[in-house]
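Some notes on the structure that comes next.
When reading the values below, keep in mind they use all heavy atoms of this one structure, side chains included, and skip hydrogens, waters and symmetry mates. So you know, we letter chains A, B, ... as the sequences are listed, proteins then strands, and number each from 1.
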Amino acid sequence: MSITLASWNVNSVRVRMPQIETWLESRPADLLALQETKTPDPLFPAVDFHARGFTSVYRGQAAYNGVAILAREPLDRVEDELDPAFPDRRFLSAQTGSGFHLVNIYAPNGESLESDKFRYKCAWYAALVERLRGLLRIHPKLALVGDFNLAPAGCDVYDPEAFEGSVLTDPRIRCYFAELEALGLVDAYRYQHPDQTAFSWWDYRRGAARRGEGLRIDLILLSEALLPRLRQSGIAEEIRSHPRPSDHAPVWVELDP
DNA sequence: ATGACAAGCTTCGCTTGA
């Protein structure tokens, strides 16, 4: 039996519970990393996930951000802070029962290149690179998953020219992504589908999804030591056909046990 | 140049997202 690891920016875990349950019926993931839960911890629906066979760890806050990991096996060595300089709930890591370390991130968007939020995004990514450098020494088998708020390359953007000057494609942010790759982390979907145009996010406005105008910003990166276990990868965009979709689709990999 | 959708809080309007 293979292990399914998935990541999904749900844009409010409480609103999206029906879609999450529907998707888990079609693909019973063993590990599911959520982003933008937008839910304070006392209101996280841990009981509902437990009823479906998942233990969960979650670090949320009111209105913004929030990350969680759902797992069918116990999670160990949970860490929830990227760095004391970044207190918002965007980072959660744990040792999984499937023999690898899982790091779940919700990267800052950055708003615009001139914004203080963009400077924050750059500093956050610099801290992430250093944190991963340290984690990989301790946990060579590691998966870094989540909403990266960056499209790695032009083929991950429906109209690269329209996104010139965007915080999602800026060369400085892509440089941080290259630093993650230099640590031996491999974009699983792109590794298996080098020429495929596929997206994981569509703007709610302008009927972007209907027009196929999306970006691939939700990623699963596997370390060199974990990559040999990669069997399949995909993006579950079909789940967005159900009522009240998130603006992101789940991304997933199947790993050998 | 702007807004368009969606969600949550600041709740019948505003902020943020990407």
Verify, without hydrogens or angle tests, whether A:T96 (side chain) and A:F100 (backbone) share a donor-acceptor contact under 3.5 angstrom.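 Yes; at least one donor-acceptor contact below 3.5 Å.
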
State, yes or no, whether a side-chain contact exists between A:F49 and A:L32 at a heavy-atom distance under 4.5 Å.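 No; the side chains remain at least 4.5 Å from each other.
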
Which is true for [X] with a 4.0 Å heavy-atom rule: it touches a base, it touches only sugar-phosphate, or it touches nothing?
{"X": "A:N109", "answer": "base"}
{"X": "A:Y106", "answer": "sugar-phosphate"}
{"X": "A:N65", "answer": "nothing"}
{"X": "A:A62", "answer": "sugar-phosphate"}
{"X": "A:E36", "answer": "sugar-phosphate"}
{"X": "A:I217", "answer": "sugar-phosphate"}
{"X": "A:K121", "answer": "nothing"}

Taking the nucleotide of DNA chain B with the nearest heavy atom to each, does A:K117 or A:T37 sit closer to the 5' end?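 That would be A:T37.
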
For A:F163, give me all partners under ring-ring contact (aromatic ring centres under 6.0 Å, His included), at least two apart in sequence or on another chain.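 By the ring-ring contact (aromatic ring centres under 6.0 Å, His included) rule, A:F163 matches A:Y158.
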
A:H193: ring-ring contact (aromatic ring centres under 6.0 Å, His included) partners, not counting sequence neighbours: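 A:H193 satisfies ring-ring contact (aromatic ring centres under 6.0 Å, His included) with A:Y189 only.
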
What about A:F86 and A:Y120, are their ring centers closer than 6.0 Å?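 When the ring centroids of A:F86 and A:Y120 are compared, they turn out to be within the sub-6.0 Å range.
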
Atom CG of A:D218 and atom CH2 of A:W201: how far apart are they, to the nearest 0.5 Å?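 These two atoms lie 10.5 Å from each other.
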
Work out how far the [atom1] atom of [N] is from that of [M], and round it to whole angstrom.
{"N": "B:dG17", "M": "B:dC12", "atom1": "P", "answer": "22 Å"}
{"N": "B:dA1", "M": "B:dG13", "atom1": "P", "answer": "29 Å"}
{"N": "B:dT11", "M": "B:dA6", "atom1": "P", "answer": "23 Å"}
{"N": "B:dT10", "M": "B:dC5", "atom1": "P", "answer": "26 Å"}
{"N": "B:dT2", "M": "B:dG8", "atom1": "C1'", "answer": "24 Å"}

5' to 3' on DNA chain B, which nucleotides open and close the contacts with chain A (atom under 4.0 Å from a heavy atom)?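 From 5' to 3', the first and last contacting nucleotides are B:dA4 to B:dA18.
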
Do other residues, nucleotides or ligands put more than 12 heavy atoms under 6.0 Å from A:R231 CZ?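 Buried by this count: over 12 neighbours within 6.0 Å.
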
